[in-house]
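Reminder, nothing fancy here: chain letters follow the sequence lines and each chain counts from 1. Being a predicted model, the structure only gives us computed values, none of them experimental.
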Amino acid sequence: MNNIVFLPVLLPLLTGVILIFFARKTGIQKGISFLSSLCGMAVALYLVHYISNNGIKVLEVGSWKAPFGIVIVADMLASLLVLTTSLVGFAVLLYSFRGIGKEREKFYYYSIFQFLLVGVNGAFLTGDIFNLFVFFEVMLMSSYVLLVLGGTKGQLRESLKYILVNVISSAFFVITVAYLYSVVGTLNMADIGRRIGEAGQPGIITVIAVMFLIVFGLKGAIFPLFYWLPGSYFAAPIPVLALFGALLTKVGIYSILRTYTLMFPHQQGYTHELLGILSILTIIVGVIGAIAYWDVKKIIIYNIVIAVGVIAFGISLMNQDGLAGSLFYLIHDMIIKAALFLLAGIMMKVTGSSSLREMGGLIRTNPGLGWTFFLAAISLAGIPPFSGFSGKLLILQGAAEKGAFIGMAVVLISSLLVLYSIMRIFIYGFWGNVTSYTPASSVPVTKLLTPAVILVAVSVLYGIGTEFVYPFIIQGTEPLVDPQIYIDAVLKEEG
Amino acid sequence: MKTNDLILQTVTKVCAFVIILFSISIFLGGHYSPGGGFVGGLMTSCAIVLLLLAYDLKTVAALLPIDYKIMIACGLLISASTVAGSWLFHAPLMTHAYSYFNLPILGKTSLHTAVLFDLGVYLVVIGVTMTIIQTIGESE
Amino acid sequence: MEILMAIVIGILFTTATYLMLSKSILRIIVGTGLLSHGAHLLILTMGGLKRGAVPLLGEHAEAYVDPLPQALILTAIVISFGVTSLFLVLAYRTYQELGTDNMDHLRGNEANE
């Protein structure tokens, strides 16, 4: 009886459906979503606790046995990501109460919000490659709606491009699954991993691995495939942007992490080296973008690209330290990106512009905002006691072990430049004079600040409490380093 | 411009109901023969679209005073609760149960819980299709 | 039969690519539709084409057809149905709002709002 494993998907689904009935009553919508978010966090916490005591839990949906039916697999990696998702979801929801506006609330914003969480949690938890596609689609459909909700000209224009890119990548996903099915004859990820291991990964599987890299790379914004991201994300309103920046690209990265460790770890010479090179290029392009722009939103959006590169670099190393570092950094980045976007949103609300040239002196009018942003900024850059540090350190250790010194250098230099790019926001936005704009007094800064403060506090605790978190990370990394653990857990009858 | 669509309207009066009946038959037959909620739902919405073509939005809205968005929600709710329902019986989610019953007129019939799930799909498909068509149709 | 299917799929993908590279939104949407048709046919072909047998009936059936590809295709069709309809509605709204369906005119960035 492992039905609890599916609850992180079922809960937001039911909530989203119930919210449709209260489309006109925003007060009730807020109340229900708030309660559901709290329950979601409690469930995710319990799941992490349960997995840490009992190991990997598998739910065979509809009582169909493992390689034939769909399985929902909660290992520590998935549970930790589900927990982070529900935390980010909770914070963004709190921000939305004040920051999204009546218009969107009436057009099913909170329902779609919950459906997005269904997709994200489902993608983390599923153990079936086609089911992964389905949850990807649930997530993407919700993201289309969230992106276009409001219907300004910019949003409509960018949504068209965003949908087109994702429709093509979904078609690619289907094609890749078709190829994989014809070669391997199964869709269960554990079974695929086992069969590829037995066959020793022939050349065609390597081709399929590269196709998966294209599919997930498009969603996760890896180097040659990230071009759609800055434009589309820029059009989204702030709470949506925080949700996208924290969750969507990370699902792509998680999928690369899962497939490359579980299904294609046998011939690393080509695929993982390719991933390594692409990730380094991703970091470089992201850094160039982040220091080139004068726009708060754009700078943080390009920081997403950098983080994706760093995590992908850790995955390409394929050793204990590199993977643990990637997981650590993945969770850190989900939390801190959401916090940064929320903070940037408050800055934009106060100053009425997202350009750094029109800001200044915010530290005098809003000291709380300023210092929270400062904490978030140094946490992002990875200054030692904070959470970005441990992840990067582990990735660097992994790189040193592997002898990937170019990548090491790029990651190190990128950290400095990330610090520069984000400090530029702090310097131009918070220092200087309050002459260039009229501070809006009607913005409920304190109420908007609360969710961001929660996220930053969690991030700081995550950094300081590394000793406490580390065993969970190690447990999450075990099935990545040795996929046999995962395979045995799913196909227990045969193993 | 007022077009003379007397033939279309007369044919529709008969056909729409035949189509709806046939779609329900397809929906219920879905477990052992081709069909099911998705196809049945599409066919029902085809019938409603036919009504829309023959008459106009206002007439059809008076005929079928349904909020299709609420219909989507109902369908989703039915499907999702069927999924969650397995929990009450301590079975893995979406577990499918069926049994044979002797019904008064139909004789020995097999009843499946999957039909409940399919009913949800049926409602969602009608709701989604009609919402799309209404959204585009209304603005003209 | 497989070769014929491969050619058909190839033609679908070619046409889809051609249409998606054109400037009118409507053509692009038709292109994405064809692309997903091609992908669905590809699943069908990759699952192995076979005639004259039914999906698994009992454990001792002599011949059977793999029931999985058609389940996958149905799921994929439903999803592409949803996405295409959303895309159409969105394109229509964009046309109303911006007065053009030409992708060249939809180019641009935040500067020319």
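- Looking at A:Thr126, its side chain never comes within 3.5 Å of a backbone N or O of A:Gly122 through a donor-acceptor pair.
- The salt bridge (Lys or Arg N to Asp or Glu O under 4.0 Å) pairs that include a residue from residues 85-98 of chain C are C:Arg93-C:Glu97, where partners are two or more places apart or lie in different chains.
- Annotation: residues 25-41 of chain C contacts chain A through C:Ile25, C:Ile28, C:Thr32, C:Leu35, C:Ala39 [non-hydrogen atoms, separation under 4.5 Å].
- Judged purely by atom type and a 3.5 angstrom limit, A:Gln155 uses its side chain to pair as donor or acceptor with the backbone of A:Thr152.
- Sequence neighbours left out, the pairs with a member in residues 137-147 of chain A that pass side-chain hydrogen bond (donor to acceptor under 3.5 Å, both in side chains) are A:Glu137-A:Ser170, A:Ser143-A:Tyr162.
- Among the residues in residues 178-190 of chain A, those with a non-hydrogen atom closer than 4.5 angstrom to a non-hydrogen atom of chain C are A:Ala178, A:Tyr179, A:Tyr181, A:Ser182, A:Leu187.
- Side-chain contact between A:Leu116 and A:Leu146: present, with at least one pair of heavy atoms (C-beta onward) separated by less than 4.5 Å.
- For the pair A:Lys297 and A:Phe341, the NZ or CZ position fails the cation-pi test of under 6.0 Å to the six-membered ring centre and within 45 degrees of the ring normal.
- Looking at A:Val177 and C:Ile43, their side chains never come closer than 4.5 Å, going by heavy atoms from C-beta outward.
- Between the side chain of A:Trp228 and the backbone N or O of A:Leu225 there is at least one donor-acceptor pair closer than 3.5 Å.
- The greatest number of non-hydrogen atom pairs below 4.5 Å with chain C, out of A:Leu140, A:Val167, A:Leu160, is found for A:Leu160.
- With hydrogens and angles left out, the side-chain atoms of A:Lys161 and A:Ser232 include no donor and acceptor closer than 3.5 Å.
- If you tally non-hydrogen atom pairs under 4.5 Å between each of A:Val138, A:Val134, A:Asn166, A:Leu164 and chain C, the highest count goes to A:Leu164.
- In terms of modelled atom types and a separation under 3.5 Å, the side chain of A:Asn303 and the main chain of A:Ile299 share a donor-acceptor contact.
- Most heavy-atom pairs under 4.5 Å with chain C, from the set A:Phe173, A:Phe133, A:Phe172, A:Phe130: that is A:Phe130.
- Between the side chains of A:Ser354 and A:Asp295, at least one donor N or O sits under 3.5 Å from an acceptor N or O.
- Contact of C:Tyr95 with chain A is not made at all, since no heavy-atom distance falls under 4.5 Å.
- Taken to the nearest 0.5 Å, the CD1 atom of C:Ile73 stands 11.0 Å off from the OG atom of C:Ser80.
- Of the listed residues C:Val78, C:Leu44, C:Leu72, the one with more heavy-atom pairs under 4.5 angstrom with chain A than any other is C:Leu72.
- Only the side chain of C:Leu86 comes within contact range of chain A, with at least one heavy atom under 4.5 Å from a heavy atom of that chain.
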